[in-house]
Protein chains: 2
Amino acid sequence: MEELHKQIILNAFKDAELSEEHAQDFLGLWKPVSISKHTLMTEVGKVERRFYVVIKGVQAVYLLDRKGNKVVIGFSFDGSYSGIYDSFVDREPSGYFLEALTDSELYYITPDEYDALFDKYPGFDRWGRIVHGFLLKGRVQRELEISTLTSEERFKLFMKRCPQQLRQIPQKYLAAYLNMTPETFSRLMNSVTW
Amino acid sequence: MEELHKQIILNAFKDAELSEEHAQDFLGLWKPVSISKHTLMTEVGKVERRFYVVIKGVQAVYLLDRKGNKVVIGFSFDGSYSGIYDSFVDREPSGYFLEALTDSELYYITPDEYDALFDKYPGFDRWGRIVHGFLLKGRVQRELEISTLTSEERFKLFMKRCPQQLRQIPQKYLAAYLNMTPETFSRLMNSVTW
DNA sequence: AAGCTCTGTTGATCTGTATCAAGATTTCAC
DNA sequence: GTGAAATCTTGATACAGATCAACAGAGCTT
């Protein structure tokens, strides 16, 4: 494994505070995979079998509403975790799609390997608590933004903090993430300063 | 402490799988408190100093949007946890209000006592992971319901699974939880069958 | 490079829900 | 129990943003 890739993976788990030996052992679990643009990595109804760390590329988690429109829950990109976490942990069918929006390189581990982390390495429960807490806070934040802000406010806020990686993907995915139509997104893009 | 109260608290922590002795020790941490209707238990800007288990009554977590309207994030009632969790854990000022909507009886522990649980009792990290995962799943679910369903659909869904405890509180809180005005809630209440 | 598909732009119209308003009803305090 | 305050109901109106539609570019594919 490339040194840079090791750094990216270890950095994603820095809260586990792994010892030097544990870190080397841990890195040995991760298997590389390349996914090309537009590939569905997980589909609704199938069980997620991989927990990923992203090296390169952008992926989106979404589902379809009753009219067939994509509703984007979130994105992942270099340095992020990726995968359908609840399906992965519970071995239950996924309620979401996971799609590579650009050509991507990732590393992954399996459910059994994931479960074993908590027994093998003493710092992992701590990692789990911190990551869960962080995710939870983010979800509540987003819920509030959706329910209290206007389209224009959500747009401005998003553009202000939009990471560089998301600027390369089609606008319609950003619109679907911000709960507005591509038309509304386009109008804001061309009329609002941020 | 009443036997019934012990049962309620232990049941809220059943995932920690405490031994008999640990359970008795653990119960000793909890302090009872009675709160009367309309009391603000936590305010925006103040740090939450208590993690509660509810014995009786209904409480709401909310904040005010820029027009001053309450936006309700969630409710707690008998058997639930209560408190502003992220403020409590991080010792940071709360972004939310916590209000008793009815006369309430609760038990609580302090931040230091909470932190110590994870060192004292081996099953507590497991409890933490399970509870966080459960909460996270619920938040994503709600986010989706807000962003994909119409007011009427949210109303029907809510009424179908509305716990008995929430039927005693004013409708305007339910409306604020469902992201609609009290007028819209009232109209649905009197026109829709569920 | 020509053709096709996907994506983005812009305009016209429609619609669900908020807002404003005025009464009716319930709840609460003294 | 009586008055005041809070809550709920119902109607009229307004508006943000969706929908429908038509076209203009971009980007792939062969």
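Each chain gets a letter, A, B and so on, in the order its sequence line appears, and its residues count up from 1.
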### Task
Among the candidates dT9(D), dT10(C), dG8(C), find the nucleotide nearest to the side-chain atoms of N190(A).
dT10(C)

### Task
Report yes or no: does S186(A) contribute a side-chain atom to a donor-acceptor pair with the main-chain N or O of T184(A) at less than 3.5 Å?
no

### Query
Would you say the side chain of R187(B) and the base of dG16(C) hold a donor-acceptor pair, judged only by whether the two atoms sit under 3.5 Å apart?
no

### Query
Just wondering, are more than 12 heavy atoms of other shown residues or ligands nearer than 6.0 Å to NZ in K46(A)?
no

### Message
Ignoring hydrogens and geometry beyond distance, is the side chain of R154(B) in donor-acceptor contact with the base of dT17(C) at under 3.5 Å?
### Response
no

### Task
Kindly say whether R50(A) contributes a backbone atom to a donor-acceptor pair with the side chain of E48(A) at under 3.5 angstrom?
yes

### Message
Using a heavy-atom cut-off of 4.0 Å across all strands, would you classify M189(B) as base, sugar-phosphate, or nothing?
### Response
nothing

### Message
Could you tell me if the side chain of D103(B) sits less than 4.5 Å from the side chain of K37(B), heavy atoms only?
### Response
yes

## Note on the structure
Which of dC28(D), dG17(D), dC8(D) is nearest the side chain of K37(A)? It is dC28(D)

### Message
Y81(A) and ring-ring contact (aromatic ring centres under 6.0 Å, His included): which single residue from Y107(A), Y108(A), F51(A) fits?
### Response
F51(A)

### Message
Side-chain N or O of T150(A) versus OP1/OP2 of dA16(D): is the shortest distance under 4.0 Å?
### Response
no

### Query
Base, sugar-phosphate alone, or nothing: which one does N179(B) contact when heavy atoms must sit under 4.0 Å apart?
sugar-phosphate

### Query
With a 4.0 Å cut-off on heavy atoms, is S151(A) in touch with a base, just the backbone sugar-phosphate, or nothing at all?
sugar-phosphate

### Task
Would you kindly compare Y173(A) and N69(B) by the position of their nearest DNA chain C nucleotide and give the one closer to the 5′ end?
Y173(A)

### Query
Could you state the CD-C1' distance from E152(A) to dC15(D), rounded to the nearest angstrom?
14 Å

#### Entry: Residue-phosphate contact under 4.0 Å: T184(A) side-chain N/O, dA18(D) OP1/OP2
yes

#### Entry: Whole-Å gap separating P (dA18(C)) and CE (M180(B))
7 Å

### Task
Look at the side-chain N and O atoms of K67(B) and state whether any lies under 4.0 Å from the OP1 or OP2 oxygen of dT19(C).
yes

### Query
Can you say whether the rings of F13(A) and F124(A) are parallel (under 30°), tilted (30 to 60°) or perpendicular (over 60°)?
tilted

### Query
Taking atom C1' of dC8(D) as reference, at what distance in whole Å does atom CD1 of I169(B) sit?
15 Å

### Query
How close or far is atom P of dT10(D) from atom CZ of F185(B), stated in whole angstroms?
14 Å

## Note on the structure
Separation of dC6(C) atom P from Q171(A) atom CD, nearest Å, is 18 Å

### Summary
Considering only heavy side-chain atoms of E183(B), the closest of dC8(D), dA21(C), dT9(C) is dA21(C)

### Query
Any side-chain N or O of S186(A) less than 4.0 Å from the OP1 or OP2 oxygen of dT9(C)?
yes

### Task
Could you tell me the separation between the NE2 atom of H38(B) and the P atom of dT7(D), rounded to a whole number of Å?
7 Å

### Query
For the pair made of NZ in K172(B) and C1' in dT9(D), what is the distance, rounded to whole Å?
15 Å

### Summary
To the nearest angstrom, the NZ-P distance between K70(B) and dA18(C) comes to 17 Å

